[in-house]
Structure formats: structure tokens, C-alpha cells
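Heads up: the structure comes next, in C-alpha cells.
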Amino acid sequence: MCAPSHVSARASSVERLARGQEDEVLSFLAARPLHTVIMSGLIRDNGLESTSNRGSFFACRDQRGRLVGVALVGHLTLVESRCDEALAALARFARAASCTRIIIGEHEKVEHFWTHYAAGDAIPYRACRELLFELREPTEAFEPVAGLRLATLADAPQVTEVHAQMAYHESGVDPLKTDPEGFSLRTARRIERGRVWACVADGRLIFKADVISETPEVIYLEGFYVHPEARGKGYGLRCFSQLSNLLLRRTRSLCLLVNSDNTRAQSLYLRAGYKLHGLYDTIFLASTEVEI
């Protein structure tokens with residue numbers, strides 16, 4: 001573990017969450033399902049205590065013991081809070097833990113979180129603005145792609161290589177060099193859980209997309225890839241729209257984040273029926289691969 005089990009903060013306290021508290025935490029996070037889908041999905045998949053979460057879950061409570069904030073603190077740090085005091089307490093706690101590599105959240109929350117986390121001397125390795133897109137209704141019926149399917153372990157080598165290339169492009173770090181075994185195992189686990197969609201033609205990966213987190217209310221998507229030779233031909237839009245329609249059969253909405261500078265991807269998502277829902281910030285605290 002990368003943090004102590006308990007720390008006090010004025011009227012609130014921060015404590016490590018443990019197995020058996022999942023229902024309470026999921027109920028708290030369910031008040032804003034779109035913005036808490038990653039944390040909720042991890043808890044549903046792995047429980048509150050699992051190395052697969054790559055961090056630990058903590059709660060901030062008021063003086064009556066009621067939840068006012070929940071955070072995942074680790075490689076990826078995420079926070080959901082009901083008040084500024086809880087956000088500040090969780091930020092100071094995360095700073096003391098010294099294990100955070102990436103902070104992601106809504107623009108205003110991350111801005112507030114950072115003022116307490118940085119404490120005047122923390123300097124981010126890099127920061128970027130991202131746009132949150134959401135889809136609630138089926139998209140236009142484009143021509144279907146016959147080969148779109150769930151990836152299998154036979155696809156793992158290509159999926160892993162492509163995912164590593166995307167992480168390197170985003171962060172400047174090649175996870176197949178920094179953590180080849182762990183990165184490959186996490187990709188294989190995602191495939192085994194039925195979370196990676198792919199289209200392979202003539203033995204070559206043409207399209208892929210990852211279901212990072214899934215709840216009955218929201219599915220969070222990431223890792224979209226179209227082979228360079230297939231780009232600009234409408235192939236990505238067809239695969240993406242078809243996948244979106246398939247996934248909407250089992251949840252109420254889909255969401256994804258895209259870099260604010262990536263206008264090409266934004267155009268594709270808009271054409272597929274997604275709508276801009278909000279602004280997010282991502283802060284990199286060290287040179288590290290981008291992977292949830």
C-alpha cells in the first residue's frame with residue numbers, strides 16, 4: 001500500500017475503504033454516474049481491495065460518519081466529493097501518499113484539487129485539457145462492418161503493440177519498455193473479460209476499441225485505433241457507430257475523453273451522434289504511460 005490507513009482533516013476524516021463496504025461506496029458514486037464511471041467500474045470488477053485497481057480506495061466522512069468524498073489513490077488518482085472540504089482533505093491525503101502518477105477529473109475539481117495537492121511546490125510533468133463526450137441514443141445506421149467482434153487472446157500481440165504505440169504517442173513513454181510483463185498481462189486480462197473490440201482483416205488489426213469501465217448506467221470507452229491505411233475512408237466511423245449501438249443495448253449512455261487538440265477525433269465522435277458534455281483535465285506527475 002502507498003498510504004497510511006487514517007488521517008484527520010478538520011471536520012472530516014480520511015480512511016481506507018475495505019472489503020464489505022462496496023454497496024455504500026457504489027451508492028455514493030451513483031449520484032453522478034457519468035463522472036464516476038471509472039471508479040464504479042473498478043469496484044464492480046475488482047472490489048475495493050485488489051491489486052488490479054493499481055491503487056487503494058479511500059473515503060472522507062463528516063463528523064456524523066456520512067460519506068462526503070471517495071478517492072482512488074494510486075497510479076491513477078480520481079476523486080468524487082460532495083464539498084470543498086472533502087476535496088481538500090483527499091488532495092492532501094493523496095499528496096502524503098506519494099504514489100500518484102496521473103490525476104484525471106472535471107476541470108474545476110482538478111483545479112481545486114491541485115491547489116491543495118501541490119502545496120506550492122509540486123510541478124506537473126505535463127497537463128492537458130480533454131473533452132468529455134456522451135451518447136445516449138443509437139447513432140445513424142451506417143453500413144455495418146461484418147468483421148467487428150470481441151478480441152480473443154489470439155489478437156493479444158497486435159492489440160498490445162497498438163495499445164503501447166498509442167500510450168507512447170500520448171505520454172512519450174513506451175510501456176513495453178518500462179513494464180512489458182505488467183502491460184501485456186493487463187491487456188490480456190481486458191481481452192479475457194470481453195472488454196476489447198476488434199476488426200482483423202487478412203491477419204492485420206484494422207480497428208480496436210476498449211471498454212475501460214462498465215456500469216448499468218454508463219460505459220466508458222477508450223483506446224480507439226484505426227489502421228493508417230484505413231483512415232479517411234469512413235471505416236473508423238462505421239466501426240465506432242456500430243460498436244456504440246451494440247453497447248447501448250446494455251447501458252444507458254456511453255462516454256469517452258478526447259484531447260482538446262484532437263479535432264479529427266472530435267469530428268468523428270460528433271458525426272457518430274456524441275455530444276460534448278464537459279471539460280476535463282489530466283495532470284501527469286511523472287513520465288509515465290497513459291493507461292487505466
Side-chain angles (χ1 to χ4, degrees), residues 1-120 122 132 212-218 220 251-253 255 278 280-281 283 285 292:
M1 294 294 183
C2 61
S5 60
H6 183 278
V7 66
S8 294
R10 294 185 181 179
S12 302
S13 63
V14 176
E15 61 185 28
R16 191 190 310 278
L17 288 162
R19 188 176 293 109
Q21 296 177 291
E22 285 84 1
D23 288 345
E24 179 190 21
V25 177
L26 288 173
S27 178
F28 175 83
L29 296 175
R32 294 195 333 128
L34 180 64
H35 299 288
T36 61
V37 59
I38 297 177
M39 284 196 285
S40 294
L42 285 171
I43 295 169
R44 287 176 177 274
D45 285 346
N46 311 317
L48 285 168
E49 296 181 292
S50 172
T51 56
S52 295
N53 294 331
R54 304 184 74 187
S56 301
F57 281 94
F58 295 89
C60 185
R61 298 183 183 274
D62 62 17
Q63 292 179 318
R64 296 183 181 181
R66 298 172 300 190
L67 276 179
V68 288
V70 170
L72 171 64
V73 178
H75 172 83
L76 174 68
T77 290
L78 304 163
V79 179
E80 172 67 1
S81 63
R82 294 286 186 271
C83 61
D84 289 345
E85 185 180 71
L87 186 65
L90 290 166
R92 290 191 291 267
F93 186 82
R95 173 63 184 270
S98 301
C99 61
T100 294
R101 295 294 177 266
I102 307 170
I103 299 169
I104 299 178
E106 297 159 88
H107 168 64
E108 291 185 358
K109 284 199 172 186
V110 168
E111 192 174 57
H112 186 192
F113 183 92
W114 183 251
T115 62
H116 296 281
Y117 183 97
L132 177 68
I212 297 297
S213 191
E214 179 171 353
T215 74
E217 294 79 22
V218 186
Y220 171 64
T251 192
R252 295 179 181 176
S253 76
C255 71
Y280 268 58
D281 283 340
I283 296 177
L285 298 178
I292 296 176

**Report entry** Check: E80 side chain, L29 main-chain N or O, donor-acceptor pair, under 3.5 Å
**Finding:** no

Report task. Give a yes or no answer on whether the side chain of R82 reaches the backbone of F28 with a donor-acceptor pair at less than 3.5 Å. Result -> yes

Query raised in the report: Quick one: are V73 and T100 in side-chain contact, heavy atoms under 4.5 Å?
Result: yes

Query raised in the report: Side chains of R44 and T215: does their closest heavy-atom pair fall under 4.5 Å?
Result: yes

**Report entry** Sidechain-backbone polar pair: D281 side chain, I103 backbone, donor-acceptor under 3.5 Å
**Finding:** no

Report summary line: Looking only at heavy atoms, the pair that brings A94 and F113 closest together is CB-CZ, 4.0 Å

Query raised in the report: Under 3.5 Å, is there a donor-acceptor pair between the side chain of S213 and the main chain of Y220?
Result: no

Requested in this report: May I ask you to decide if Y117's main-chain N or O and R95's side chain share a donor-acceptor pair within less than 3.5 Å?
Outcome: yes

Requested in this report: Could you point out which residue of M39, E22, E49 forms a side-chain contact (heavy atoms from CB on, under 4.5 Å) with F57?
Outcome: M39

Query - Close side-chain approach of C255 and V37, heavy atoms under 4.5 Å - result: yes

Query raised in the report: Is any side-chain heavy atom of R101 less than 4.5 Å from a side-chain heavy atom of R54?
Result: no

Report task. Verify, without hydrogens or angle tests, whether S27 (side chain) and E24 (backbone) share a donor-acceptor contact under 3.5 angstrom. Result -> no

Query raised in the report: Taking all atoms of both residues into account, what is the closest heavy-atom pair of G47 and N53, and its distance?
Result: O-ND2, 3.1 Å

Report task. Looking only at non-hydrogen atoms, find the nearest pair between H116 and A91 and report the distance. Result -> CB-CB, 3.7 Å

Requested in this report: Taking the side chain as every heavy atom from C-beta outward, state whether L34 and L132 have any pair of such atoms under 4.5 Å apart.
Outcome: yes

